[in-house]
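Computed from heavy atoms alone, side chains included, the values below leave out hydrogens, waters and symmetry copies. Both counts, for ligands and for their atoms, begin at 1 and track the order of listing.
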Amino acid sequence: VTSQRKHLRDLHLYTLNLVFLFCFYLFLYYVVLGFSDSLNGEVKPRILLMGLRRSGKSSIQKVVFHKMSPNETLFLESTNKICREDVSSSSFVSFQIWDFPGQIDFFDPTFDYEMIFRGTGALIFVIDAQDDYVEALSRLHLTVTRAYKVNPDISFEVFIHKVDGLSDDHKIEKQRDIHKRANDDLADAGLERIHLSFYLTSIYDHSIFEAFSKVVQKLIPQLPTLENLLNIFISNSGIEKAFLFDVVSKIYIATDSSPVDMQTYELCLADTHEAGLPYDKESMAIIHLNNTTVMYLKEVTKFLAMVCFLRKDSFERKGLIDYNFHCFKKAIQEVFDVRLKVQQNRKLLSQRRWSKLTMTNGVIGNPH
Ligand SMILES: Nc1nc2c(ncn2[C@@H]2O[C@H](COP(=O)(O)OP(=O)(O)OP(=O)(O)O)[C@@H](O)[C@H]2O)c(=O)[nH]1
């Protein structure tokens with residue numbers, strides 16, 4: 001009886017050991033997963049592109065980040081696995097885009113949606129406005145509520161997409177209806193605290209760039225600083241409006257706090273497109289739009305351009321504008337430097353944590 005008890009106790013201890021080891025490795029696995037992005041010193045915010053099949057997710061990504069012409073998207077194949085892409089053209093615009101194949105099945109055990117939502121900054125849900133959207137709305141609700149439970153800090157962005165085929169009245173009507181139904185569904189579930197932002201988009205005009213700009217801006221922690229710098233710059237230079245553009249993607253990462261006029265924005269897009277090709281530190285363009293307005297484009301960094309709109313008589317003080325621009329550029333450089341320092345510190349910290357973890361692992365692996 002005594003030897004049987006001893007045997008049972010040993011067995012018990014052995015099982016406990018196994019459970020302990022299993023838990024430890026599980027913990028290690030999640031920590032490594034969590035750190036994998038930050039091991040290189042940079043935590044890239046993740047933007048998810050979700051929505052029903054054929055709603056236009058891949059087209060959006062290709063047109064905005066790969067300069068694909070909208071007509072070419074007609075030949076895009078359906079996506080059948082998650083496609084991840086790093087976008088890091090300028091130091092401020094740096095994130096990952098995950099394009100999902102049609103709708104995701106939350107009940108599929110191989111799909112670890114908790115891990116995906118945990119590292120997500122923004123979730124873009126694309127709704128095809130030219131199609132019946134009842135199913136899309138119920139998917140939106142399911143996706144948003146699941147994601148919110150895992151990570152309440154995600155910004156939820158709804159693109160009411162393919163609106164190029166609709167009249168202006170029809171567009172407004174659709175937006176109103178989708179907005180109301182989506183928010184009613186959330187209120188019925190007692191989740192009115194979840195905030196959804198809505199945009200009318202199409203790959204056939206500037207609207208997709210404008211919407212993407214707004215999504216990306218929410219992920220730039222330095223945005224208030226950039227806006228402040230732009231405000232100071234324009235008020236001291238007699239400029240009416242200024243945009244800071246990422247020349248590669250054509251999304252604007254900041255503007256001063258005066259309202260954005262769509263026509264002005266479209267003009268910027270056309271011009272940064274031209275400027276996107278041979279672009280160096282001396283790059284600049286002066287365009288006289290009409291008798292009263294001038295558009296002035298200048299390079300800030302390799303991937304950032306400033307586009308300003310000003311009255312012709314203000315442009316007579318070009319020397320002053322250029323001097324102020326020089327100060328603005330220096331200030332931007334300082335913002336970059338701070339960001340770089342933060343990243344380097346983060347890298348050091350994660351490397352230290354990592355080596356500590358592997359040392360502890362060594363001790364556990366060796367009982368003596
Ligand atoms: N009219 C119009 N058509 C669009 C627009 N965006 C995408 N499309 C078309 O919609 C179709 C589907 O686009 P995709 O980008 O493949 O859709 P998806 O959501 O990635 O599809 P899956 O990979 O199957 O999930 C293509 O024929 C595109 O040309 C738009 O803004 N307007």
Does any N or O of ligand 1 fall below 3.5 Å from an N or O anywhere on [X], backbone included?
X    : value
G56  : yes
H161 : yes
I203 : yes
K57  : yes

- Message: Can you tell me which portion of D164 lies within the under-4.0 Å heavy-atom range of ligand 1? Options are side chain, backbone, both, or neither.
- Response: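 Contact part for D164 vs ligand 1: side chain (C-beta onward).
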If hydrogens are left out, which of [options] has an atom nearest to [atom], that is, the closest non-hydrogen atom?
atom                    : options              : result
atom 13 (O) of ligand 1 : S202, G51, S59, S58  : S59
atom 3 (N) of ligand 1  : M50, R53, Q130, K162 : K162
atom 22 (P) of ligand 1 : G165, C83, S78       : S78

- Query: Taking the non-hydrogen atoms of Q61, is any one of them nearer than 4.0 angstrom to ligand 1?
  - Reply: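 So Q61 does not count as touching ligand 1.
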- Message: Please report the interatomic distance CD(Q222) to CG(L229), rounded to the nearest 0.5 Å.
- Response: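 Going from the CD atom of Q222 to the CG atom of L229 covers 11.0 Å.
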- Query: What distance do I332 atom CD1 and F233 atom CZ have between them, rounded to the nearest 0.5 Å?
  - Reply: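 Nearest 0.5 Å value for the CD1-CZ distance: 10.5 Å.
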- Okay, side chain of D86, backbone of F95: is any donor-acceptor separation there less than 3.5 Å?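 No, the answer is negative, given that no donor and acceptor are paired below the 3.5 Å cut-off.
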- Query: Just checking, any donor-acceptor pair under 3.5 angstrom between side chains of D164 and S202?
  - Reply: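 A pair is found: one side chain offers a donor N or O, the other an acceptor, under 3.5 Å apart.
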- Message: What verdict does the side chain to side chain donor-acceptor pair (under 3.5 Å) test give for Y133 and R181, after you've listed the backbone C-alpha separation in whole Å, the side-chain angles of each residue and the deciding distance to 0.1 Å?
- Response: CA-CA 11 Å; Y133 45 76; R181 289 193 201 201; 4.8 Å; no
- Query: For the residue pair Y252 and F243, does the interplanar ring angle fall in the parallel (under 30°), tilted (30 to 60°) or perpendicular (over 60°) class?
  - Reply: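 Geometry flag for F243 against Y252: perpendicular rings.
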